[in-house]
Engineer: 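To start, I am sharing the structure in question, which I have written as structure tokens.
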There are 2 protein chains.
Amino acid sequence: MDKMNKKANLSKAALNRPVLNREEKRQIKLDAILRHAAAAFMDRGYYKTSLDDIARRHKVTKPTLYYYVRNKEDILVKCEEVASLRINGLLDEVVATGGAGFVQLQNFIEGYVEIITDDIIRCHIRHRGQREDPIARDASLKMHRGIEHRVREIIGKGVEDGSVRPCNPTIIAILLFDALNGISAWYRDEGGLSHEELVDQVLLIVTQGVRNN
Amino acid sequence: MDKMNKKANLSKAALNRPVLNREEKRQIKLDAILRHAAAAFMDRGYYKTSLDDIARRHKVTKPTLYYYVRNKEDILVKCEEVASLRINGLLDEVVATGGAGFVQLQNFIEGYVEIITDDIIRCHIRHRGQREDPIARDASLKMHRGIEHRVREIIGKGVEDGSVRPCNPTIIAILLFDALNGISAWYRDEGGLSHEELVDQVLLIVTQGVRNN
DNA sequence: CTATATTGTTACTCATGAGTAACTTAAACT
DNA sequence: AGTTTAAGTTACTCATGAGTAACAATATAG
């Protein structure tokens, strides 16, 4: 009788259907694998990390990984996808918010320092360049250039509207990324240096440089 | 008779002694190997470069390399020695020349951009961190910290003498190195960007930042 | 001119780690 | 409830590349 009631009250579908469907579960697992892999790569570097290491962290065996990624390099490719989405998303926001070029640049820097706290992004920054497959390498280069180009545009806009002093936006964009990406190699949220002070110091250099006037 | 004259005119030692002694030749060859290795590492990265690749570039066979270096990692260690000497040498010069802290910082930057044109230095910058052997890793870290510390001192001096605006010298030194070392990854002397313009742009950021006042 | 240390070679060993084949267990849709 | 598809396992192959042993040549010093 009890059984009957249960069955009667809940629709058959609701009873048997799991909360997440297969595709969703797969995505979640893929993300976890990327996260474990990225953490491992940040610890020991891409080449010193074996797929067995990653599998161990994820508590599965190596061949299982191949159900989620094509091969080792594909992990980097997938990390790059995540990175590209987040960084371009940030740029979308910054541009949408508008304001003078210099202000947009400030907003971008603030957001970027936030973003590079994430292991997957850090992994991407550190290992972009390792790509062996020429097609993957080209794609990576293209995506990187795309982002750099958007920042260059913001700087260029700043020069036009007078908020940024006349300069070579290409070089400035590259130098800015060199510094920001460098940060991702050493900065840890847990350390003594707060997020705010780091952003402050970076913005102070960008706005004023270091000379005393 | 001719033979006799020759022998009589030139001292026996001068006749038979080669221009360079063994130790000197060895040093020159070691340097060439480091240069070939560094170029290979910059091309394809440390792990994608085999000792056979390096041997081929140097036109010898792999085991010969072991006459000059202990093992693969030792190449990085020896590149680091070269880098340490040159960078510390630059710092010696800069400090000896004297002047206000900010001027010394300028001089250092100028010299550093010059230095990172060299393949051995570039190789060191790119691959410092790859060290597997814990002793070698510690030594590397120590040497790197030493250099950073000296730049920090220069900045601190600038803050004291008023030539540098009040700031956190530690963070500024790190950010500066992040940017400068980033340059070493992409800048080539042969490219369209002249040495002078690059230094100009870097110095402009350091002195004024990019905001228009 | 000869003995000896140096520089180099050929031909291996040996560990590692990416990728695969074949099989088992678990989940989910009808 | 039973069939199918997904997810995972064990047990391999296979290439690569660091490092070595044993042997060959070349140059230097006495």
Side-chain angles (χ1 to χ4, degrees), chain A residues 3 7 10-33 36-37 40-41 44-77 127 130-133 136, chain B residues 3 7 10-33 36-37 40-41 44-77 127 130-133 136:
Chain A
K3 268 183 194 168
K7 263 196 181 168
L10 304 168
S11 84
K12 201 176 171 186
L15 218 177
N16 294 336
R17 193 96 48 204
V19 191
L20 302 166
N21 70 22
R22 279 179 167 168
E23 186 51 31
E24 286 166 331
K25 273 171 121 173
R26 202 190 154 74
Q27 272 306 320
I28 288 168
K29 283 190 192 166
L30 172 60
D31 191 77
I33 288 172
H36 284 126
F41 290 162
R44 321 227 325 124
Y46 180 74
Y47 289 101
K48 274 180 273 184
T49 304
S50 73
L51 287 176
D52 283 314
D53 291 337
I54 298 169
R56 211 171 300 121
R57 287 194 187 225
H58 192 59
K59 303 230 196 288
V60 292
T61 54
K62 180 172 56 163
T64 301
L65 298 180
Y66 281 86
Y67 193 78
Y68 296 92
V69 292
R70 251 190 263 289
N71 50 41
K72 194 179 183 186
E73 189 164 313
D74 191 41
I75 296 174
L76 296 183
V77 172
H127 296 98
Q130 309 277 313
R131 225 105 336 152
E132 184 74 359
D133 174 37
Chain B
K3 267 181 192 167
K7 264 195 180 168
L10 303 168
S11 83
K12 200 177 169 185
L15 216 176
N16 295 337
R17 193 93 50 204
V19 191
L20 302 166
N21 71 22
R22 281 181 165 165
E23 187 50 32
E24 288 167 330
K25 274 171 120 172
R26 201 191 155 72
Q27 273 306 321
I28 287 167
K29 284 190 190 165
L30 171 60
D31 190 77
I33 287 172
H36 283 126
F41 291 162
R44 320 227 325 125
Y46 180 72
Y47 289 100
K48 273 180 276 186
T49 304
S50 73
L51 287 175
D52 282 315
D53 290 338
I54 298 169
R56 211 170 301 122
R57 286 195 187 224
H58 193 59
K59 304 232 194 287
V60 293
T61 55
K62 180 173 55 166
T64 302
L65 298 179
Y66 282 85
Y67 194 78
Y68 296 92
V69 288
R70 251 189 263 289
N71 50 42
K72 195 179 181 185
E73 188 163 314
D74 191 40
I75 296 174
L76 296 182
V77 173
H127 296 100
Q130 309 278 314
R131 224 103 340 149
E132 184 75 358
D133 175 38

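The chains referred to below are lettered A, B, ... by the order of the sequence lines, with proteins before strands, and numbering in each begins at 1.
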Engineer: Under 4.0 Å from OP1 or OP2 of C:dT7: is there any side-chain N or O of B:Lys25 that close?
Structural biologist: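 False: B:Lys25 side-chain N/O out of range (4.0 Å or more) of C:dT7 OP1/OP2.
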Engineer: Taking all non-hydrogen atoms of both residues, which atom of A:Arg131 and which atom of B:Lys48 are closest, and how far apart?
Structural biologist: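 Nearest heavy atoms, A:Arg131 then B:Lys48: O-NZ, 4.0 Å.
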Engineer: Distance check needed: C:dT6 P versus B:Ile28 CD1, whole Å only.
Structural biologist: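 Nearest whole value for this atom pair: 18 Å.
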Engineer: A side-chain contact here means heavy atoms from C-beta on lying under 4.5 Å apart; do A:Leu51 and A:Ile75 qualify?
Structural biologist: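 They are in contact (side-chain heavy atoms under 4.5 Å apart), so the answer is yes.
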Engineer: Between atom CZ in B:Arg26 and atom P in C:dA5, what is the gap in whole Å?
Structural biologist: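 So the CZ-P distance, B:Arg26 to C:dA5, works out to 16 Å.
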Engineer: In chain order, what residues pass the ring-ring contact (aromatic ring centres under 6.0 Å, His included) check against A:Tyr67, with sequence neighbours excluded?
Structural biologist: none
Engineer: Figure out the CD/C1' separation between A:Gln27 and D:dA7, and round it to whole Å.
Structural biologist: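 Checked: the CD to C1' distance equals 16 Å.
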Engineer: How far apart are the closest heavy atoms of B:Thr49 and B:Ala40, and which atoms are they?
Structural biologist: OG1-O, 3.4 Å
Engineer: Would you kindly give the CG-to-P distance between B:Leu51 and C:dG8, to the nearest whole Å?
Structural biologist: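 So the CG-P distance, B:Leu51 to C:dG8, works out to 16 Å.
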Engineer: Donor-acceptor pairs under 3.5 Å, side chain of residues 58-66 of chain B to any protein atom, not counting sequence neighbours: which ones?
Structural biologist:
| unit_1 | atom_1 | unit_2 | atom_2 | d |
| --- | --- | --- | --- | --- |
| B:His58 | ND1 | B:His36 | ND1 | 2.9 |
| B:Thr64 | OG1 | B:Thr61 | O | 3.4 |

Engineer: Tell me which residues in residues 66-74 of chain A put a heavy atom below 4.0 Å from DNA chain C, sorted by number, or none.
Structural biologist: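 Under 4.0 Å from DNA chain C: A:Tyr66, A:Asn71, A:Lys72.
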Engineer: Quick one: ring-ring contact (aromatic ring centres under 6.0 Å, His included) partners of A:Tyr46, sequence neighbours excluded?
Structural biologist: A:Phe41
Engineer: Rounded to whole Å, how long is the line connecting atom CD of B:Glu24 with atom P of C:dT6?
Structural biologist: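 Computing the B:Glu24:CD to C:dT6:P distance gives 16 Å.
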Engineer: Send over the distance from B:Ile33 CD1 to C:dG8 C1', rounded to a whole Å.
Structural biologist: 11 Å
Engineer: Whole angstrom is fine here: how far is it from CZ in A:Arg56 over to C1' in C:dG17?
Structural biologist: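 Distance, rounded to whole Å: 12 Å.
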Engineer: With side chains defined as the heavy atoms from C-beta onward, is the minimum distance between B:Arg56 and B:Asp52 less than 4.5 Å?
Structural biologist: yes
Engineer: Is any side-chain heavy atom of A:Arg26 closer than 4.5 Å to a side-chain heavy atom of A:Glu23?
Structural biologist: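 Yes, at least one pair of side-chain atoms sits under 4.5 Å.
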Engineer: A:Leu30 has an atom CG; how far is it from atom P of D:dA7, in whole Å?
Structural biologist: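 A:Leu30 atom CG is separated from D:dA7 atom P by 11 Å.
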Engineer: Name all pairs fulfilling the salt bridge (charged side-chain N to carboxylate O under 4.0 Å, His left out) condition that reach into residues 64-74 of chain B, sequence neighbours left out, sorted by first residue then second.
Structural biologist: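 Found B:Asp74-B:Lys78.
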Engineer: Please enumerate all protein N or O atoms sitting under 3.5 Å from an N or O of nucleotides 9-15 of chain C, with distances to 0.1 Å.
Structural biologist:
| unit_1 | atom_1 | unit_2 | atom_2 | d |
| --- | --- | --- | --- | --- |
| C:dT9 | OP2 | B:Thr61 | N | 2.8 |
| C:dT9 | OP2 | B:Thr61 | OG1 | 2.6 |
| C:dT9 | OP2 | B:Thr64 | OG1 | 2.7 |
| C:dT9 | O5' | B:Thr61 | OG1 | 3.4 |

Engineer: Please state whether the phosphate of C:dT6, meaning OP1 or OP2, lies under 4.0 angstrom from any side-chain nitrogen or oxygen of B:Lys29.
Structural biologist: no
